[in-house]
Each structure stands twice: as structure tokens, then as C-alpha cells.
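To keep things clear, I will list the structure first and then write my remarks on it.
The first residue of the sequence shown is numbered 1, and numbering continues consecutively from there.
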Amino acid sequence: MKKIALTGIKPTGAPHIGNFLGAIQPALELAKTHDALYFIADYHALTSVRDKVLLREQIYSLAATWLAAGLDPDKVTFYRQSDIPEVFELTWILSCMAPKGLLNRAHAYKAATDVNTEAGHDLDHGIDCGLFYYPILMAADILLFSCHVVPVGQDQKQHLEITRDIAQTFNQTFGKILTLPEPLIQEEVKTVPGIDGRKMSKSYKNEIPLYTTSKKLKKRINQIVTDSKDVNDPKDPDNCNLFAIYCQFATAEAIAKTRARYLTGGLGYGELKGELFHLVDTFLSAGRARYDELMTDKNQIDIILAEGAEKARSIAKPLLEKVRKAIGVQKP
Ligand code: ADP
Ligand code: TRP
């Protein structure tokens, strides 16, 4: 029996290169050796997106991105979180097993309360319960499908620890029903930096978008921030986000050559930006055509997601039934 892999991405903005290299591509690689379930975490996005037209568009854009990147819906169970009502019932059950203190320490909530403390506001000023419950919804996403591995970025590691904690409490109380998942963090990708050198993230607005036009891609790559060294100045490859992004796309041989040219001088940032643009543009061109096709015929996406939801629910229903029986709300 193959092991089960599961992951979700929030439709919170146009998918970027960090999402692609850090999440989508490794997940597709993993699907070759695992039974894979990949989904669009649209209810997680509701913690931040409050525009219904935008949310809809972003759901489609993310679905089209997965499909354009090579996800085969006949092989991977591909669905939308909001199409699986069992997730939300399990969320409540798990919340009753989750110590509040555990969630107080979750990074996103803690960051929000730290901002309030610094500003002299009430600890929970402006914080919705959705943000606080976020890790439990994620635990339900994962535990409902008895998966073994969850490919995620470094930033999601704590959520996996919380998921395991909650599952352990449940199993100790009601019997071993939930499978404890392992995070799978790709070492060589870790965190892709954005154009300003911080982690590439929609929240920092420093991202390089994926399936955009060549023209926009070029413009964005030219905006990568560097220091003001001249062509002939020696440069430090280990402290340069342009070089770091380049390393995600170039071959080992090209990286070694570029590193040497950085150290000796003679390579201008403009030249390397041009080279990076060609690498990224070529890398994305096949997927871009498929992405555009899907976005102009969204009906195709609806059909794929509806079929995926049906497959996912056929796994979710029996597990939730087991849970309901174990806790006593359903007859054994
Ligand atoms: P963002 O930070 O842009 O809002 P998300 O939090 O929606 O991105 O991340 C979706 C997935 O992509 C997660 O698995 C996350 O770990 C991964 N990811 C996001 N940004 C990066 C990055 N800069 N480098 C590597 N992986 C990333
Ligand atoms: N919280 C994840 C993120 O921000 C998205 C997500 C929701 C997820 N549910 C999940 C990831 C279940 C893996 C498994 O990136």
C-alpha cells in the first residue's frame, strides 16, 4: 500500500514562485510515489480575504495553477476544502481536544497579539476567532484523510506539531483512530526570498508571480533589489537575494560559474537579471498556456473540482463516522 500525502494552499493572491518551488512542485513530485490529496484551502483564506469576487477569482487562479503545473486529477484527489462539510464537523470535535494554551502559542496568533501589545492595545484587539482557530481547521484537513506525510514550507511546521498534539489527545481518550502525520520539508528549497530579500510572500508584496505575461515577469525581475556595486566590483553571492533566486532555477554548473564571477567581479546585476528572466520565462512557458486556457474556460475547473470533492468525501465520510461512534454521538 502506498503512503498518503496531503497538502493545501490558501487562495489568498496570485500564486508566486515561492509557492511553486516550495509547495506545488515538491507536492507533484511526491504524488508520483504516494496516494496524493491536494486541495484549495478556501475557508482558511476567509481569515484574510473579504471580497467575494476576489476570493472566487483567486480560487480559480490557484486551481488553474495546480493543473497547469502538471497535477493530473485522475491520479491526484484534487478538491476544494469548502466542498467537504466533514472537515468542519471534525474541526469542532478537535477543538474540544485542543488546549487553548497550545493555540495561544501558534505563530500567526502570537504575532498578532505581539503587534497589539507593542501598540498598547488590548491583547486581542481586532483579532478574529478564525485566526485563533486556524490551526484546528488545518488539523481537521489533515486528520480527516489519515495521511502520513504533509509537504509544507518551514513556516507550517508548528501547525503540524499542533495537529499531532491534538491527534494524540484524541487517540488517548477515544482509541487509536487518527493517524499522526509527518511534515515533509524540502531541504534544498526551504525559503525562496522575494525581490526585497525577505521571505517571498504575498503579505510582503515582494513576490514574483507565476503565470503572468513575459513582459510583466521581466519587469518584476528587474525590480529585484541589489546593492549598488558596479559591474567590475567583486560581490558577495551569499548575501545577495538576486543570486539566491537565481540558484533556484540555474543548473549546478551555471551556479558555480556565476558564483566565481561574483567573487572576482565582472558580472553586473543587470546581466544576471536578464539571465534569470530567460531561465524563469522558459521554465514557466508550457504551464502558462494551459493556465490561460483554463482561466478562459472555468467550467473545466468546476468539473474537475466537483469530481475531486466526491472522491475526497468518499474517504472523509467513513473516518468521520468512526470518530462520531468513538465519541458517543452516533450508535456503534
Ligand atoms: P504567502 O506567504 O505568499 O501567503 P502561503 O502562506 O499561502 O504563501 O504559502 C503556500 C505554500 O507555499 C506553503 O506551503 C508555504 O510554505 C509555501 N511557501 C510560501 N512562500 C514560500 C517561500 N518564499 N519559499 C518557499 N515556500 C513558500
Ligand atoms: N496553512 C497552510 C498555509 O498557510 C495551508 C493549509 C491549510 C494546509 N490546510 C492545510 C497545508 C493542510 C497543509 C495541510 O500554507
Side-chain angles (χ1 to χ4, degrees), residues 7 9-10 12-32 38 61-62 65-66 68-71 150-157 183-227 229 235-263 267-288 290-291:
T7 199
I9 300 189
K10 281 180 296 180
T12 45
H16 55 70
I17 281 173
N19 301 140
F20 189 80
L21 296 174
I24 295 175
Q25 206 179 40
L28 292 177
E29 210 38 53
L30 196 68
K32 293 180 182 162
Y38 297 152
S61 167
L62 184 54
T65 298
W66 273 107
L71 184 147
V150 182
V152 281
Q154 189 74 37
D155 59 329
Q156 297 297 310
K157 213 174 148 200
L184 187 77
I185 293 158
Q186 262 224 327
E187 284 308 311
E188 67 271 23
V189 174
K190 277 201 182 139
T191 301
V192 180
I195 62 163
D196 60 358
R198 293 186 292 174
K199 170 190 182 280
M200 186 179 291
S201 172
K202 283 157 254 170
S203 24
Y204 296 144
K205 302 200 181 342
N206 64 354
E207 71 269 37
I208 300 177
L210 258 189
Y211 295 128
T212 179
T213 60
S214 294
K215 197 171 158 209
K216 284 190 183 149
L217 179 67
K218 186 172 211 163
K219 193 168 163 218
R220 195 60 175 156
I221 286 178
N222 281 332
Q223 288 169 343
I224 295 175
V225 179
T226 57
D227 57 31
K229 291 207 172 80
K235 303 175 183 69
D236 179 2
D238 298 316
N239 284 301
C240 175
N241 52 310
L242 172 60
F243 185 78
I245 299 171
Y246 172 78
C247 288
Q248 302 287 348
F249 292 93
T251 61
E253 201 184 327
I255 293 171
K257 267 194 200 152
T258 302
R259 169 177 281 280
R261 288 182 71 200
Y262 255 67
L263 295 171
L267 172 64
Y269 292 128
E271 182 188 333
L272 189 60
K273 283 179 180 176
E275 212 175 301
L276 176 63
F277 164 70
H278 283 296
L279 283 174
V280 182
D281 196 49
T282 313
F283 181 78
L284 297 177
S285 62
R288 188 185 281 142
R290 175 77 178 131
Y291 176 87

Can you give me every donor-acceptor pair (side chain of residues 244-251, partner residue at least two apart or in another chain, under 3.5 Å) with its distance?
| residue | atom | partner | partner atom | Å |
| --- | --- | --- | --- | --- |
| Y246 | OH | T258 | OG1 | 3.0 |
| Y246 | OH | E275 | OE2 | 3.1 |
| T251 | OG1 | A254 | N | 3.1 |

Would you list the atom pairs, donor with acceptor, under 3.5 Å between side chains in residues 280-288 and any protein atom, with sequence neighbours excluded?
| residue | atom | partner | partner atom | Å |
| --- | --- | --- | --- | --- |
| D281 | OD1 | S214 | OG | 2.9 |
| D281 | OD1 | R288 | NH1 | 3.2 |
| D281 | OD1 | R288 | NH2 | 2.9 |
| D281 | OD2 | S214 | OG | 3.3 |
| T282 | OG1 | H278 | O | 2.5 |
| S285 | OG | T282 | O | 3.2 |
| R288 | NE | T212 | O | 2.7 |
| R288 | NH1 | S214 | OG | 3.3 |
| R288 | NH2 | T212 | O | 3.3 |

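The two residues G197 and P193 have their closest heavy-atom pair at O-CB, 3.9 Å. Between F20 and A69, the closest heavy-atom pair is CE1-CB, 3.6 Å.
Inter-residue side-chain proximity for C240 and Y269 is flagged as met; some heavy-atom pair is nearer than 4.5 Å. Residues R261 and E271 form a side-chain contact, since some pair of their non-hydrogen atoms from C-beta on lies under 4.5 Å apart.
Rounding to the nearest 0.5 Å gives a distance of 9.5 Å between CG of N222 and CG of L276. Atom CD1 of I221 sits about 8.5 Å away from atom CG of L279, to the nearest 0.5 Å. Between the OG1 atom in T191 and the CG atom in D155 there is a gap of 7.0 Å [rounded to 0.5 Å]. Distance CD/E207 to CG/N19: 8.5 Å, rounded to 0.5 Å. Distance check: T65 OG1 to Y291 OH gives 5.0 Å after rounding to the nearest 0.5 Å. With rounding to the nearest 0.5 angstrom, the CD atom of Q156 is 9.0 Å from the CD1 atom of I185.
Remark: side-chain polar atoms of D196 are not paired, donor with acceptor, to backbone N or O of V225 under 3.5 angstrom.
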message: Does I17 form a side-chain contact (heavy atoms from CB on, under 4.5 Å) with L210? I'd like the steps, not just the answer.
response: CA-CA 6 Å; I17 281 173; L210 258 189; 4.3 Å; yes
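Within a 6.0 Å radius of NZ in K273, other residues, nucleotides and ligands contribute more than 12 heavy atoms.
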